[in-house]
Amino acid sequence: MPTALVTGVTGQDGSYLAEFLLQQGYKVIGMVRRTSTINFERLKHIQRQIEIVQGDLLDQMSLIGILQDHRPQEVYNLAAQSFVPTSFSQPVLTGEFTALGVTRMLEAIRFVDPQIRFYQASSSEMFGKVMEVPQRETTPLYPRSPYGVAKVYGHWITINYRESYNLFGCSGILFNHESPRRGLEFVTHKITDAAARIKLGLAHELHLGNLEARRDWGYAGDYVRAMWLMLQQDAPDDYVVATGETHSVQEFVEEAFSYLDLDWKQYVVQDPKYYRPAEVDLLVGDPAKAGAKLGWEPTVNFRQLVRLMVDADLQTLQNNEK
Ligand code: NAP
Ligand code: F7E
């Protein structure tokens, strides 16, 4: 039975990846940082099937200790400060977690077992003010937030360790991917949760920032499969994972509200509080390489994604009311 270590296992992607790896017959070690109560909300259905270990990307020795104790063959580094607005208010912390944390894990791998296969969670935020449309693996990077800058560091240090020390390090440049398990502060889940609340009479308005920003939104369950596929190849490489379609925040709002027979214009309030110091206006990825080399393609389209998130939020709110 192969063993995989997943950092960020309590997050959206961590929970889907842990589920997927269990289905593939892996022993899954989930790394969590010490908090007074660990948030197992997304893992409760598989909590007994995974082994939880304490470690922190800020603490070098904890990473070495975990690798020595559990001897994984694969490490998926999903842990990060992942919310772009927080990266503007806490840029130093974001750099420590999201950038230097990657080097700490790579150093731990080099020290304990250089044969370990490593996946780094890179991001379309690295393309920022895009230099090419659509964005592909070779598109020059131009990040627009401390988060994006930190991810550029993580991306390049992974490539550097591959080239310097021959580590099997892959960087997955994943475009936005969503699900009912997405944090409520991200725009998609904020919209579907608010639409469901409004439909049930539990809320009356939704405050949003820039409605014109465009994103390539896919389904998180599809994207964790691509992470695993990258580590099963003969040689390490970097891949864009995306749907190839782009939609504005307003289109997402329209789709969610119209699905519930609501007129979004009656409820949405534009609020400058949610504007960012620098915005990423347009993202759309070209997943051709992932398609050709990994045989990966998305199974959920934009409309299905919006609807499955709205349905899940309605269900959750109705259950809470009972
Ligand atoms: P998420 O839901 O915000 O989860 C982040 C995870 O990182 C949580 O489990 C969090 O633990 C953990 N974490 C944060 N700081 C840590 C530290 N110092 N030590 C150990 N663990 C720490 O993020 P996600 O959406 O699942 O994304 C997974 C990864 O993919 C992230 O690296 C993100 O930047 C990247 N990414 C995401 C997307 C996307 O659209 N979702 C796209 C491209 C790249 P707590 O529960 O303790 O907070
Ligand atoms: O914003 C606009 C906002 O916070 C999307 C992370 O997973 O994906 C995510 O980063 C867009 C932006 O995601 C609100 O200005 C409007 O243009 O959902 P988001 P993000 O910043 O694209 C990438 C790939 C990652 O790697 C990140 O970790 O929506 N927007 N109004 C708003 N955004 C939020 N959050 N809230 C609003 O009220």
Side-chain angles (χ1 to χ4, degrees), residues 6-18 30-35 37-43 54-59 62-63 76-87 93-94 96-98 100-102 104-105 119-128 143-145 147-148 150-151 154-155 171-179 181-191 194 206-220 223-224 227 240-242 247-250 252-253 268-283 285:
V6 180
T7 75
V9 74
T10 55
Q12 171 188 255
D13 290 8
S15 66
Y16 283 109
L17 180 64
M31 189 183 96
V32 299
R33 53 184 168 162
R34 152 79 192 150
T35 46
T37 42
I38 294 169
N39 179 7
F40 282 126
E41 189 56 32
R42 298 181 175 106
L43 289 176
Q54 262 186 30
D56 200 306
L57 286 184
L58 298 183
D59 188 90
S62 68
L63 306 180
Y76 295 86
N77 185 40
L78 309 187
Q81 191 304 95
S82 73
F83 191 46
V84 171
T86 299
S87 81
L93 183 85
T94 301
E96 288 286 354
F97 284 12
T98 305
L100 278 180
V102 187
R104 292 192 192 94
M105 184 57 89
Y119 172 83
Q120 169 56 18
S122 290
S123 166
S124 53
E125 280 294 297
M126 302 191 305
F127 296 122
R144 293 274 281 171
S145 64
Y147 169 82
K151 283 288 178 186
H155 176 70
S171 170
I173 308 174
L174 271 50
F175 282 61
N176 299 50
H177 45 280
E178 318 293 317
S179 75
R181 298 185 203 166
R182 185 61 139 155
L184 274 170
E185 70 274 40
F186 296 93
V187 78
T188 54
H189 203 183
K190 184 173 170 182
I191 293 166
L206 166 60
H207 286 241
L208 290 173
N210 180 11
L211 298 181
E212 283 162 24
R214 301 184 73 85
R215 291 289 182 276
D216 179 330
W217 279 295
Y219 173 59
Y223 285 43
V224 298
M227 299 175 186
V240 158
V241 179
H247 295 273
S248 67
V249 172
Q250 183 171 314
F252 197 105
V253 170
V268 171
V269 178
Q270 267 196 286
D271 188 337
K273 184 166 96 182
Y274 295 107
Y275 280 83
R276 297 174 181 184
E279 178 62 286
V280 172
D281 297 317
L282 163 72
L283 290 175

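Numbering of ligands and ligand atoms starts at 1, following listing order. Being a predicted model, the structure only gives us computed values, none of them experimental.
Paired with E125 under the rule salt bridge (charged side-chain N to carboxylate O under 4.0 Å, His left out), one option of R144, K151, R215 passes, and it is R215.
The shortest contact between atom 8 (O) of ligand 2 and any protein heavy atom is with N176 ND2, 3.1 Å.
Residue contacts with ligand 1: A220 is excluded, as none of its non-hydrogen atoms falls under 4.0 Å. Using 4.0 Å as the threshold, N176 has a heavy atom nearer than that to some atom of ligand 1. The closest approach between a heavy atom of E125 and any atom of ligand 1 is not below 4.0 Å. The closest approach between a heavy atom of K151 and any atom of ligand 1 is below 4.0 Å. Distances shorter than 4.0 angstrom do not occur between any heavy atom of Y223 and any atom of ligand 1. Taking 4.0 Å as the cut-off, T7 does not count as a neighbour of ligand 1 on heavy-atom distance. For M31, the closest heavy-atom approach to ligand 1 falls below 4.0 Å. Within the 4.0 Å heavy-atom cutoff, Q81 does not count among the residues contacting ligand 2. A heavy-atom separation below 4.0 Å is not found between Y275 and ligand 2. Not a single heavy atom of T35 sits less than 4.0 Å from an atom of ligand 1.
At distances below 3.5 Å, at least one donor-acceptor pair connects side-chain atoms of T7 with backbone N or O atoms of A79.
Near E279, meaning under 4.0 Å from any of its heavy atoms, are these atoms of ligand 2: 3 (C), 12 (C), 15 (O), 17 (O). Of all atoms in ligand 2, listed by their number and element, those nearer than 4.0 Å to a heavy atom of V249 are 2 (C), 29 (O). Shown in contact with A213 at under 4.0 Å from a heavy atom are these atoms of ligand 2, numbered in order with element: 17 (O).
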Going through the distances and angles, do Y119 and L78 end up as a side-chain contact (heavy atoms from CB on, under 4.5 Å)? CA-CA 8 Å; Y119 172 83; L78 309 187; 3.9 Å; yes
Can T188 and W217 be said to form a side-chain contact (heavy atoms from CB on, under 4.5 Å), step by step? CA-CA 9 Å; T188 54; W217 279 295; 3.3 Å; yes
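Across the listed options G55, G14, S82, S62, S82 owns the non-hydrogen atom lying nearest to atom 23 (O) of ligand 1.
Ligand 1 has a nitrogen or oxygen under 3.5 angstrom from a nitrogen or oxygen of T10.
Taking CD from Q120 and NE2 from H155, the interatomic distance works out to 9.5 Å, rounded to the nearest 0.5 Å.
Contact annotation: for F83 versus ligand 2, heavy atoms closer than 4.0 Å belong to the side chain alone.
T98 and A80 get closest at one heavy-atom pair: OG1-CB, 3.7 Å.
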